[in-house]
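Predicted model, so just to flag it, every value in this text is computed and none were measured.
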Amino acid sequence: MAEGSGQSRFKILSREEALGLDPSVYRHACHAMLHAPLQQKLFDMYDMRWAVMMQMRFDGLIGFPGGMVDPGETLEQAVNRELREEIHYKDSEMPLTAKEHCLVHLYEQKKICLHFYMREISLAEFIQLEKDAIQAQHFGTEVLGMIRCPVYTITKGEGKPVRGFPNFLQQKFVGNAQEQLLFGLEKCKILTSDELQLAKSQAGLTA
């Protein structure tokens, strides 16, 4: 569940609306979902489908790599810097751009706009990022480790526990990370709307 679960606290804005807010009142943060096609089967039975990168944070909550926009930074400067600091992302070689900016959530209570980026990379690039992450500046402090979100569902028959993605949705997510994940999986056609709704139901999440 999301930290402080319940009805969504977030309002969707356009990029332009978010950047038009009073900068003396509203702050901005940027996070990114990096994902890669994964043509593998788990136990020769379950199609693993995609590798989706998330991380275990210092506070024990799950989220996406990213963080606050510093004064004077653009959104893209901020998201690339944060990825470099948190996962040793080589932003000089493949920087995230405004074209990959796909969602803004406004958290009015905390006066913060949460920007979300998505990029598909190759599996080889994804695995290299996992290996390189331990060299990142914030590894072991702000970031405790990388996590792959399981996007498959394991069923053992009627009355048996459902595992995989529905279980993952029951974990503790920071802020709007769960909403970002659900949005990203559908937007990138990793899971269908029906698959997401079923998983949410199996996880005991309200609509």
Side-chain angles (χ1 to χ4, degrees), residues 1-35 52-87 89 91 95-119 133 136-147 149 168-188 196 200 203-207:
M1 69 184 77
E3 179 191 18
S5 61
Q7 186 148 7
S8 179
R9 301 157 288 166
F10 308 105
K11 177 183 178 181
I12 295 177
L13 299 182
S14 70
R15 178 187 174 106
E16 292 71 25
E17 287 172 328
L19 293 177
L21 294 173
D22 186 344
S24 69
V25 176
Y26 292 90
R27 299 173 298 149
H28 297 264
C30 298
H31 295 82
M33 184 179 93
L34 303 175
H35 55 286
V52 177
M53 183 175 290
M54 299 191 76
Q55 63 187 20
M56 177 63 68
R57 293 160 36 99
F58 65 94
D59 51 11
L61 300 174
I62 294 172
F64 286 100
M68 299 301 300
V69 178
D70 288 341
E73 282 187 315
T74 67
L75 298 179
E76 282 69 49
Q77 287 171 338
V79 72
N80 283 293
R81 172 185 54 76
E82 285 287 346
L83 264 63
R84 182 173 67 252
E85 292 173 350
E86 293 193 351
I87 63 172
Y89 186 76
D91 57 292
L96 290 169
T97 70
K99 291 181 179 179
E100 289 144 324
H101 181 283
C102 57
L103 179 68
V104 186
H105 279 130
L106 170 64
Y107 191 1
E108 180 65 39
Q109 183 179 349
K110 293 191 175 182
K111 301 292 191 251
I112 187 168
C113 290
L114 302 159
H115 300 261
F116 192 49
Y117 293 74
M118 298 186 299
R119 169 174 280 181
Q137 177 184 347
H138 293 162
F139 185 84
T141 53
E142 294 183 23
V143 180
L144 301 184
M146 309 315 298
I147 296 173
C149 167
F168 189 76
L169 288 178
Q170 295 176 352
Q171 306 307 310
K172 293 280 191 177
F173 294 86
V174 66
N176 68 330
Q178 188 183 75
E179 286 94 333
Q180 290 174 330
L181 174 63
L182 294 169
F183 172 88
L185 294 178
E186 183 170 4
K187 180 77 172 177
C188 295
L196 289 167
K200 288 169 64 177
L205 302 181
T206 56

Centroid-centroid distance, Phe64 to Phe173, less than 6.0 Å: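 No, too far apart.
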Identified side chain to side chain contact (heavy atoms under 4.5 Å, CB included) counterpart of Gln55 within the set Ile87, Val174, Ile62: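 For Gln55, the side chain to side chain contact (heavy atoms under 4.5 Å, CB included) check succeeds only for Ile87.
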Cation over ring face, Arg84 and Tyr89, 6.0 Å, 45°: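 No, cation not above the ring by the 6.0 Å, 45° rule.
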Flag for Gln180-Tyr117: side-chain donor and acceptor within less than 3.5 Å: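 Gln180 and Tyr117 do not have a side-chain donor-acceptor pair below 3.5 Å.
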Residue pairs fulfilling salt bridge (charged side-chain N to carboxylate O under 4.0 Å, His left out) with at least one residue in residues 12-28, sequence neighbours excluded: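 For residues 12-28, and leaving out neighbouring residues, the salt bridge (charged side-chain N to carboxylate O under 4.0 Å, His left out) pairs sorted by first residue read Arg15-Glu76.
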Considering all heavy atoms of both residues, which atom of [X] and which atom of [Y] are nearest to each other, and what is their separation?
| X | Y | result |
| --- | --- | --- |
| Val52 | Leu181 | CG1-CD1, 4.3 Å |
| Gly63 | Arg57 | N-CD, 4.2 Å |
| Pro95 | Asn80 | CA-OD1, 3.3 Å |
| Cys188 | Met118 | SG-SD, 3.6 Å |
| Leu144 | Thr141 | CD2-O, 3.8 Å |
| Ala133 | Met146 | CB-CG, 3.7 Å |

Salt bridge Arg81-Glu73, side-chain N to carboxylate O under 4.0 Å: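 Yes, Arg81 and Glu73 are salt-bridged.
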Set of residues satisfying salt bridge (charged side-chain N to carboxylate O under 4.0 Å, His left out) with respect to Glu100, sequence neighbours excluded: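 By the salt bridge (charged side-chain N to carboxylate O under 4.0 Å, His left out) rule, Glu100 matches Arg119.
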Expected output: side-chain Glu82 to main-chain His31 donor-acceptor under 3.5 Å: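 No, the answer is negative, given that no donor and acceptor are paired below the 3.5 Å cut-off.
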Whether over 12 other heavy atoms sit under 6.0 Å from Lys111 NZ: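 Counting other residues, nucleotides and ligands, NZ of Lys111 exceeds 12 neighbours.
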Plane angle bin for His105 and Phe10 - parallel if under 30°, tilted between 30 and 60°, otherwise perpendicular: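 Tilted: the ring planes of Phe10 and His105 meet at 30° to 60°.
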